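Here the structure comes first, spelled out in structure tokens, and everything after it is commentary.
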Amino acid sequence: MQEITKSEFSGRRYAYAKLAKNGITILQARAPAIRNLDVDYPYRQDSNFLYLTGFYEEGSVAIIRPGKTPFYTLFVRPKNRRNEVWNGYRLGLQEAKKISGANAIYSIDDLAHELPKLIGKTKQVFYEGRDSDELSKIIRKCIVG
């Protein structure tokens with residue numbers, strides 16, 4: 001099976017950005033699905049998120065801002081060796097930066113602080129808002145005030 005390259009994902013983001021024009025797009029990784037008590041179903045990334053980012057880790061948020069710097073920002077879960085024992089390996093910020101092609105990368109813990117700066121005075125925000133009430137609240141606060 002042939003691996004999709006970083007340049008292919010970059011091309012997809014720029015092609016998408018032409019459609020989004022002056023809007024900002026916020027994509028959210030799919031949350032894990034719990035099967036029962038302490039067992040999750042095998043993880044499957046959100047199709048739109050994966051198509052534009054190529055990033056497989058849960059708990060991530062991607063921001064695409066056509067015509068602005070940074071153009072592509074990725075928020076990821078930081079390394080946590082204790083948690084990784086139970087829930088599996090995490091890339092963390094440094095590894096995610098190497099493989100993602102993101103112009104800027106932050107810990108998901110910094111989302112509430114950084115997102116208002118990224119949204120700024122943007123008039124259009126594209127967001128599906130299906131998985132995280134927390135993210136929806138942050139976005140609403142950025143837009144409405």
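Only a predicted model underlies this, so the values are computations on that prediction, with no experimental measurement involved.
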Side chain to side chain donor-acceptor pair (under 3.5 Å) partners of residues 49-61, not counting sequence neighbours, each pair once: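 Of all non-adjacent pairs touching residues 49-61, none passes side chain to side chain donor-acceptor pair (under 3.5 Å).
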Looking at every non-hydrogen atom in both residues, tell me the closest pair between [X] and [Y] and how far apart they are.
{"X": "E95", "Y": "L91", "answer": "CB-O, 3.3 Å"}
{"X": "L74", "Y": "A62", "answer": "CD1-CB, 3.9 Å"}
{"X": "Q28", "Y": "F49", "answer": "C-CD1, 3.7 Å"}

Hey, does [Y] have a side-chain heavy atom less than 4.5 Å from the side chain of [X]?
{"X": "L118", "Y": "R65", "result": "yes"}
{"X": "N48", "Y": "E128", "result": "yes"}
{"X": "I63", "Y": "L115", "result": "yes"}
{"X": "N80", "Y": "R90", "result": "yes"}
{"X": "N22", "Y": "P66", "result": "no"}

Can you tell me how far apart [atom1] ([X]) and [atom2] ([Y]) are? Round to the nearest 0.5 Å.
{"X": "F71", "Y": "S10", "atom1": "CZ", "atom2": "OG", "value": "7.0 Å"}
{"X": "D46", "Y": "R44", "atom1": "CG", "atom2": "CZ", "value": "8.0 Å"}
{"X": "I105", "Y": "F55", "atom1": "CD1", "atom2": "CZ", "value": "6.0 Å"}
{"X": "N36", "Y": "D38", "atom1": "CG", "atom2": "CG", "value": "7.0 Å"}
{"X": "L27", "Y": "F126", "atom1": "CG", "atom2": "CZ", "value": "11.5 Å"}

Partner of L111 under side chain to side chain contact (heavy atoms under 4.5 Å, CB included), chosen from I139, V61, I26: V61
Option from K141, E134, R140 for which side chain to side chain contact (heavy atoms under 4.5 Å, CB included) with I138 holds: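 Answer after filtering K141, E134, R140: E134.
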Donor-acceptor pair, [X] side chain versus [Y] backbone, under 3.5 Å?
{"X": "D40", "Y": "P32", "value": "no"}
{"X": "D110", "Y": "H113", "value": "no"}
{"X": "S100", "Y": "A96", "value": "yes"}
{"X": "Q45", "Y": "A29", "value": "no"}
{"X": "Y14", "Y": "F9", "value": "no"}
{"X": "K97", "Y": "N103", "value": "yes"}

Salt bridge (Lys or Arg N to Asp or Glu O under 4.0 Å) contacts touching residues 10-23 (sequence neighbours left out): E8-R12
Pairs flagged by salt bridge (Lys or Arg N to Asp or Glu O under 4.0 Å) wherever residues 112-124 is involved - sequence neighbours left out: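 Sorted pair list: E114-K117.
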Between [X] and [Y], is there a shared hydrophobic cluster once you connect ILVMFWY residues whose side-chain heavy atoms come closer than 4.5 Å?
{"X": "Y16", "Y": "Y72", "value": "yes"}
{"X": "I108", "Y": "V76", "value": "no"}
{"X": "I99", "Y": "Y89", "value": "yes"}
{"X": "Y43", "Y": "L50", "value": "no"}
{"X": "I64", "Y": "I4", "value": "no"}

Modelled atom types, side-chain donor and acceptor of T25 and Y127, under 3.5 Å: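 No, no side-chain donor-acceptor pair sits under 3.5 Å.
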Greater than 12 external heavy atoms within 6.0 Å of L19's CG: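 Enclosed: over 12 neighbouring heavy atoms sit under 6.0 Å from CG of L19.
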Exceeds 12 heavy-atom contacts within 6.0 angstrom, atom CG of N83: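 Check passes, neighbour count above 12.
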K79 bridged to E84 by N-O distance under 4.0 Å: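 Between E84 and K79 there is a salt bridge, with a charged N closer than 4.0 Å to a carboxylate O.
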